[in-house]
K.L.:
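Below is a structure I'd like to ask you about.
Numbering of residues begins at 1 and proceeds along the displayed sequence. Any value given below was found using the heavy atoms of this structure, including those in side chains, with hydrogens, waters and symmetry copies removed.
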Amino acid sequence: MVLLHLKHKDESQFLFNTTVDAPLETLIQQIMAIYNGRLKVERLCSEIPELADHGISLPPNMQGLTEEQIEELKLKDEWEDRCIPSGGSVLRKDKIGRRNGRAPDDKMKQVLMRTVEEAKALISKKQVHANVCVTMEMVKEALDQLRGAVMIVYPMGLPPHDPIRMEFEDQEDLSRMQASLQVITEDECQLWWAAKEMQRGQKLQDYIGKNEKTKLVVKIQKKGQGPPAREPLITEEQHKQMMLHYYRRQEELKKLEAADDDSYLDSEWSDRQALKRQFQGLTNIKWGPR
């Protein structure tokens, strides 16, 4: 099996197993499914803690309004009494006004937070260092874990406008959001290896030969952005270590320079002839009248 180390903007993403006779169209499709699936899991893992802290999302026309404004406009959240967490709710007001403030109790909160950590670990970039390949089955497993935890806490489901439910139903609206810049569709994806774009219509073996025991560093690039930038010869962490070593060396040289100071030779105790003059009675000789 050929091992692909996928990167995007010099950041490791995941490892992927394939074969040399895999068509590039199929390869791109599989890689993009995992890449965008991981982004979906990450978005859910950042939103579910908000659900655990502040409850369900308010309707769009009520978000960001104060209680006085809501009363003045006579707005009402019809989902507030339908979507009650298991075990009852705890009042935790959302300062930015996105959620209704009726949060799950501590026990249910722990269920959500523990599942978030498990899902993060399943698709984490640290899997690259552990030499573990991420598959679409692992991404689906992470999504199923998150969906199951939400269903345990909210058995009646979430409101249709809640971003968590929209993510689960693939109806998320990422427009005007930073997350939209990270998503790369299958048609926009380009794979680069050894400063060459792997063209659709070709097979992997057209670029790397027929050796199945190969490991490649492949970069994901959005169409129209040109070839990916070359990686620096040293990583940022290595650069920090080099600067730290240079600073320590400079301090050591300063201490050595201070230790080489020979002004002490003018001191009386450093005179090598002092003992000889003392035996000869030549010490404390003063010239002039007494």
K.L.:
Looking only at side-chain N and O atoms, does Glu237 offer a donor or acceptor that is under 3.5 Å from a partner on Gln241?
P.N.:
yes
K.L.:
Do Asp187 and Thr185 have side-chain N/O donor and acceptor atoms under 3.5 Å apart?
P.N.:
no
K.L.:
Locate the shortest heavy-atom distance separating Lys7 from Ser12; write the atom from each residue and the value.
P.N.:
CE-OG, 3.7 Å
K.L.:
Which distance, rounded to the nearest 0.5 Å, do you find between the CG of Asn100 and the NE2 of His54?
P.N.:
11.0 Å
K.L.:
So, using salt bridge (charged side-chain N to carboxylate O under 4.0 Å, His left out) as the criterion, who are the partners of Asp206 when residues are at least two apart?
P.N.:
none
K.L.:
Holding to salt bridge (charged side-chain N to carboxylate O under 4.0 Å, His left out), I want the full list of residues that pass it with Glu172, two or more places apart in sequence or in another chain.
P.N.:
Lys40, Arg43
K.L.:
With sequence neighbours excluded, give me every salt bridge (Lys or Arg N to Asp or Glu O under 4.0 Å) pair touching residues 56-72.
P.N.:
Glu67-Lys93
K.L.:
On a heavy-atom basis, which atom in Gln182 and which in Tyr35 lie closest, and how many Å separate them?
P.N.:
O-OH, 3.1 Å
K.L.:
Is a donor on one side and an acceptor on the other found under 3.5 Å between the side chain of Lys215 and the backbone of Val2?
P.N.:
no
K.L.:
How many angstroms lie between CG in Leu191 and CD1 in Ile31, if you round to the nearest 0.5 Å?
P.N.:
5.0 Å
K.L.:
Supply the atom-to-atom distance Leu27 CG to Arg200 CZ, rounded to the nearest 0.5 angstrom.
P.N.:
10.5 Å
K.L.:
How many angstroms lie between OG1 in Thr135 and CD in Glu137, if you round to the nearest 0.5 Å?
P.N.:
4.5 Å
K.L.:
Name the atoms and distances for all side-chain donor-acceptor pairs under 3.5 Å in residues 138-157, with sequence neighbours left out.
P.N.:
residue	atom	partner	partner atom	Å
Asp144	OD1	Arg147	NH1	2.9

K.L.:
Give, for atom CD1 of Ile28 and atom CD of Gln190, the distance between the pair rounded to the nearest 0.5 Å.
P.N.:
8.5 Å
K.L.:
Give a yes or no answer on whether the side chain of Asp105 reaches the backbone of Met108 with a donor-acceptor pair at less than 3.5 Å.
P.N.:
yes
K.L.:
When you check the gap from the basic side-chain N to the acidic O, do Asp53 and Arg99 get nearer than 4.0 Å?
P.N.:
no
K.L.:
How long is the span from the CD atom in Glu167 to the CG atom in Asp173, to the nearest 0.5 Å?
P.N.:
10.5 Å
K.L.:
Would you mind checking if Lys255 and Glu251 are paired as a salt bridge, meaning a charged N to carboxylate O distance below 4.0 Å?
P.N.:
no
K.L.:
Could you go through residues 111-125 and list every donor-acceptor pair under 3.5 Å that involves a side-chain atom there, pairing it with any protein atom two or more places apart or in another chain?
P.N.:
residue	atom	partner	partner atom	Å
Thr115	OG1	Val111	O	2.7
Ser124	OG	Lys126	N	3.0
Lys125	NZ	Glu11	OE1	2.9

K.L.:
Would you list the atom pairs, donor with acceptor, under 3.5 Å between side chains in residues 74-84 and any protein atom, with sequence neighbours excluded?
P.N.:
residue	atom	partner	partner atom	Å
Asp77	OD1	Trp79	N	3.1
Glu80	OE2	Arg102	NH1	3.4

